[in-house]
Protein chains: 2
Amino acid sequence: MRSERGQRDTPRRRDLIEIATDLISEIGYEQATVRMIADRMGIKSGSLYSHISSKEDVLYKIILDVAGDFLERADRATEGVHDPEERLRALCRSHLEMIRDRRPAVRVYFDEWRKLGDANQAEVIRLRERYEDGFRLAIADGIETKAFDADPQLGARVLLSTLNWAPSWYVADGKLSPREVADQLLEVILRGLYTRG
Amino acid sequence: MRSERGQRDTPRRRDLIEIATDLISEIGYEQATVRMIADRMGIKSGSLYSHISSKEDVLYKIILDVAGDFLERADRATEGVHDPEERLRALCRSHLEMIRDRRPAVRVYFDEWRKLGDANQAEVIRLRERYEDGFRLAIADGIETKAFDADPQLGARVLLSTLNWAPSWYVADGKLSPREVADQLLEVILRGLYTRG
DNA sequence: CCTACCGATCGGTAGG
DNA sequence: CCTACCGATCGGTAGG
């Protein structure tokens, strides 16, 4: 039993999280050992534990933070936007902006959330459900007030699948902005949701 | 250096692969130890190595087999089908049938292919590219001969993302057959690809 | 933040 | 297919 500072948010702890995020996104959670993280920080592995309480705590912190950021940005992007189609557009843009801005953390989130313990995993799932509900609600809304015609579950499934898979195909290389990609994507998907003719 | 039978296809080796597939799909590749696999076979861990040459060989065998099955089934399903829309329909059905018939192996394929060594990984990527090209070609074909209007890359991206994400949402619970789900999915996506009106 | 270490467990091998 | 091990490495701790 040592100092309990492992839980507080210090600059050095933030360094650690950032370094761990990059490393885990590169080689995976199990392959990323505490010794490698310590090496990149220029300290010994035992010294890590004055900043963290366990390896899983690092993973949890990374994932919780990025899942929360997805939600916050989505809330901010849709604030005051009431048209369902415009809400979807804002949500898609925000999602792609997250991938552009925080790619390594987003990869860790999508690739490694299953490795969390049951309790932590449940909390992460809760956050993801809340996030995805924003999309589902906008689509359901569009079916009521606009000319959307598809099964709302099906439409949400197509859109969310494409976005969840986006880290595999969206490279923010400067050629296409999140805005442009989101608009192109929605052009196809929304057209599919509208009643024909 | 012992017997080289580890590479041949014996009934006992098939047992091993099947048991490993289930275990890895349940808890992940690193968490699935050779001792657990041996336990489920009712033998000691050292004895595994008369059937296999390494743990990665097991993973490679699983993934190569399922990736090949995706391709074979796709070829069979589209044999003699020339209409692009019908080809897409056949490909989607075939894909969902794979998930229904071989869910654990499919999960291992999608979740764990990154853990293969570079050479094995390259071979798997080659197979996946060939598989996805079938979809891309059908969509490009549809743009030439039918009324598809979208960017072919974008259309393929939406369709393939939805299918690649399908292990997360498609539960073959008997309520909806692969055929029905594929048709519903394509109704939305194809409508999105057609020129409006 | 370091030294020095722990118990556990890993994939894999030798020799039968 | 088993016994009996191996060297390596893991996450984590005690005590300073």
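Everything numeric here is computed off the predicted structure, so don't read it as measured data. Lettering of chains follows the sequences in order, A, B, ..., and the numbering in each one begins at 1.
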Report task. Examine B:R128 relative to B:W113 and say whether NZ or CZ is less than 6.0 Å from the centre of the six-membered ring and inside a 45° cone about the ring axis. Result -> yes
Query raised in the report: Regarding A:K55 and the six-membered ring of A:Y49, is the cationic atom NZ or CZ under 6.0 Å from the ring centre and inside 45° of its axis?
Result: no
Report task. Report the relative orientation of the aromatic rings in A:Y109 and A:F70; use parallel for angles under 30°, tilted for 30 to 60°, perpendicular for over 60°. Result -> tilted
Query - A:E26 and A:Q31: side chain donor to acceptor below 3.5 Å - result: no
Report summary line: Ordered by number, residues from residues 17-26 of chain B within less than 4.0 Å of DNA chain C (heavy atoms) are none
How many whole angstroms separate atom [atom1] of [X] from atom [atom2] of [N]?
X: A:L48; N: D:dT13; atom1: CG; atom2: P; result: 12 Å
X: B:R40; N: D:dC1; atom1: CZ; atom2: C1'; result: 21 Å
X: B:I43; N: D:dC2; atom1: CD1; atom2: P; result: 6 Å

Query raised in the report: Just by modelled atom types, is the A:V158 backbone N or O under 3.5 Å from a matching donor or acceptor in the A:S161 side chain?
Result: no
Requested in this report: Answer yes or no: is there a donor N or O on one side and an acceptor on the other, between the side chain of A:R87 and the main chain of A:A138, under 3.5 Å?
Outcome: no
Tabulated below should be each protein N or O lying under 3.5 Å from an N or O of nucleotides 9-12 of chain D; please produce it.
residue: D:dG11; atom: OP1; partner: A:K55; partner atom: NZ; Å: 2.9
residue: D:dG11; atom: OP2; partner: A:V34; partner atom: N; Å: 3.1
residue: D:dG11; atom: N7; partner: A:R35; partner atom: NH1; Å: 2.8
residue: D:dG11; atom: O6; partner: A:R35; partner atom: NH2; Å: 3.0
residue: D:dG12; atom: OP2; partner: A:Y49; partner atom: OH; Å: 2.8
residue: D:dG12; atom: OP2; partner: A:K55; partner atom: N; Å: 2.7

Requested in this report: Using a strict cut-off of less than 4.0 Å between a Lys/Arg side-chain nitrogen and an Asp/Glu carboxylate oxygen, indicate whether B:D183 and B:R179 qualify as a salt bridge.
Outcome: no
Query raised in the report: Is a salt bridge present between B:R136 and B:E132, judged by a nitrogen-to-oxygen distance below 4.0 Å?
Result: yes
Requested in this report: Would you tell me if any nitrogen or oxygen in the side chain of B:S47 comes within less than 4.0 Å of OP1 or OP2 on D:dC2?
Outcome: yes
Query raised in the report: Whom does D:dA4 pair with, Watson-Crick or G-U wobble, provided both distances fall under 3.5 Å?
Result: C:dT13
